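Structure first, then comments.
Predicted model, so just to flag it, every value in this text is computed and none were measured. Each chain gets a letter, A, B and so on, in the order the sequences are listed, and its residues count up from 1.
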Amino acid sequence: MVPLFIALAIISGIGALLAATLVFAERVISNYGDVEVDINKGNKKLAMKGGGSLLETLTAQKIFIPSACGGRGTCGYCKVKVLEGAGPLLPTEEPYMDAEERSSGVRLSCQVKLRNDLKIELPAELLTIKEYVSVCEEIIDYTYDTKQFRLRLTDGQHMKYTPGQYVQVLAPQYEKSSEEVYRAYSISSDPADQAAIELIIRRVPDGICTTYLFDYLKVGDKVRINGPYGQFYLRDTTAPIIFIAGGSGIAPMKCILHNMKNTNNDRRAVFFFGIRTTKDLFLAEEMTRFETQLAQFKFVPVVSQPEPGAEWAGVTGRVTHIAEDYLRKQGNAHEHEGYLCGSPGMIESSIGILKKLGITEDKIYYDKFS
Amino acid sequence: MKKSPQQRKLERLLQSSKFSASGFMGTDRRGLWEIIDEDAAEIAKRGKTMEEVAARMQQLTDLAEQGLGDWIQVSKNLHVAVDDNRGMIPCPWPHRVRCMKRITTARHIPSNTGVRWSDLNIHLIKEHGFFEGKGSPFRIEPGVLIDIIFSKD
Ligand SMILES: Cc1cc2nc3c(=O)[nH]c(=O)nc-3n(C[C@H](O)[C@H](O)[C@H](O)COP(=O)(O)OP(=O)(O)OC[C@H]3O[C@@H](n4cnc5c(N)ncnc54)[C@H](O)[C@@H]3O)c2cc1C
Ligand code: FES
Ligand SMILES: [Zn+2]
């Protein structure tokens, strides 16, 4: 009979050998060597070590793909068209793809591993997105829950953006959050000064980023941002404009109005700004000033539930209904372009009204929030 | 009872602040399954099911949504409003569910009490029977919730 200690030694030996084989196999299998990522048919080629996810790899190369779940495959933001080399769609990606995306090779870049050369297609604007370090220069209280943050880019940098676009702000780890998170905020400032940007931000109850910005960020602190993103900008036509915004949704409209002033844009435009109580109203003076600076602009703040005793001589009601009444009276509602920014509920309701009045969907613009 | 690796992974995720400031467990010392069991017992004691509670919350959110932020009177004593924010938040369970960052507040006028929930709370209750740990900013006390949302005039 084999003594017990010899049997144990043999078993441990086999165990150690298996473990070593696994480590060796892991090293060899996961060593994918150098791979090449070809972007937009040879427009840009990146050579790098394989093994990581496509999202990580692009981010490391300062190509910023939107992402809201840190690469866990749960937000569906990080879609990229892969023309060659990604293998079949994974079960984790399937729920996020519609039939057209499946057939055209759209993938969640956080789920695609770089095992071999890849050919991908990125919208040109993603290639212009850069990361910036800025310094918080000024914080202004607009209302009890809304502030404006002015961020000056460091090292004399400028951000080229189209008025209406947004940036992503990084909230670092802090007392209430052990992870870094990025959140989107529309640029509200005058685009004449591209060395600094302003953001109008509303506090979201127990939100990771807004709690950081409202309770922790101080003037003089560094803030990392990247951008610009988005397809929300003023189309170059002569159609009359209807802007509808609620709360912090005023931000991109303000930026667009500054630009209209800077470029002597004389299009007819009316801006319906919805707030709940008179305490929620801000920037009214600046908006009214645009009425004198722009040839054909009207600003209409609309308060839906003025608090008892409030002295409010302006328009009262639901902003979407007031905008609807206005358009009906115009007689040419269908000729308008609609620019919307605010809560998903307000956007959905505005789209319904504009469509009912004959404005086609391709003339209604807003940032998709999901 | 010994926890499976998946259970341990889920508890770690619920404690982290990756999706939610302060996490979903708050300062609760109980384990996830203990919290779920105790809240389930409270719901049963009140003669309700998780489905009924979640369905009523959803119904109130849908009603409140029509107000686009304004208070809506559901009955003589119950008022609701939504605070609709841009953006989505994923469910921490390992499946692909995302909810709007929309908060519904329900106010019971005579008792001057209120309760708030996000769309994610409705999903967490309906699918996972989870009211979150005590100390989490979005913890909902099942008893308080039932008193308010099923209140009779
Ligand atoms: C294109 C775009 C542009 C935007 N522009 C602006 C802008 O100009 N100004 C602006 O103010 N905002 C803007 N936003 C919204 C902004 O990006 C953020 O989504 C918002 O500020 C909230 O971020 P947060 O990190 O503070 O909240 P988060 O932490 O992401 O979310 C908080 C919310 O998630 C839910 N939640 C969190 N934890 C839990 C839990 N434990 N249980 C249940 N529910 C929970 C609740 O609803 C809570 O209120 C924009 C969004 C998009 C997509
Ligand atoms: S980063 Fe969220 S799904 Fe890919
Ligand atoms: Zn879930």
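- Per-residue counts of heavy-atom pairs under 4.5 Å with chain B were compared for A:Met346, A:Glu348, A:Arg318; the largest is that of A:Arg318.
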For this session: Carefully, step by step, assess B:Lys45 and B:Glu42 under the rule salt bridge (charged side-chain N to carboxylate O under 4.0 Å, His left out).
Result: CA-CA 5 Å; B:Lys45 204 171 93 192; B:Glu42 178 68 21; 3.6 Å; yes
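- Between chain A and the residues B:Leu68, B:Ile103, B:Val82, B:Val97, the largest count of heavy-atom pairs under 4.5 Å involves B:Leu68.
- Looking at A:Tyr229, A:Tyr161, A:Tyr185, A:Tyr182 one by one, the single match for ring-ring contact (aromatic ring centres under 6.0 Å, His included) with A:Tyr166 turns out to be A:Tyr229.
- Neither the backbone nor the side chain of B:Arg102 comes within less than 4.5 Å of any heavy atom of chain A.
- Panel note: side chain A:Ser109, backbone A:Cys78; a donor-acceptor pair is recorded below 3.5 Å.
- For chain B, no part of A:Thr277 is nearby; none of its heavy atoms comes within less than 4.5 Å.
- If you measure heavy-atom distances from A:Tyr96 to chain B, the contacts under 4.5 Å come from the side chain alone.
- For the pair A:Asp367 (side chain) and A:Gly230 (backbone), a donor-acceptor distance under 3.5 Å is absent.
- A ring-centre distance under 6.0 Å is found for A:Tyr339 and A:Phe243.
- Neither the backbone nor the side chain of A:Thr211 comes within contact range of chain B, judged by heavy atoms closer than 4.5 Å.
- Chain B forms the most heavy-atom pairs under 4.5 Å with one residue out of A:Gly342, A:Ser349, A:Gly246, A:Ala184, and that residue is A:Gly342.
- At distances below 3.5 Å, at least one donor-acceptor pair connects side-chain atoms of A:Glu101 with backbone N or O atoms of A:Asp98.
- Between chain A and the options B:Ser118, B:Gly67, B:Cys91, heavy-atom pairs under 4.5 Å are most frequent for B:Gly67.
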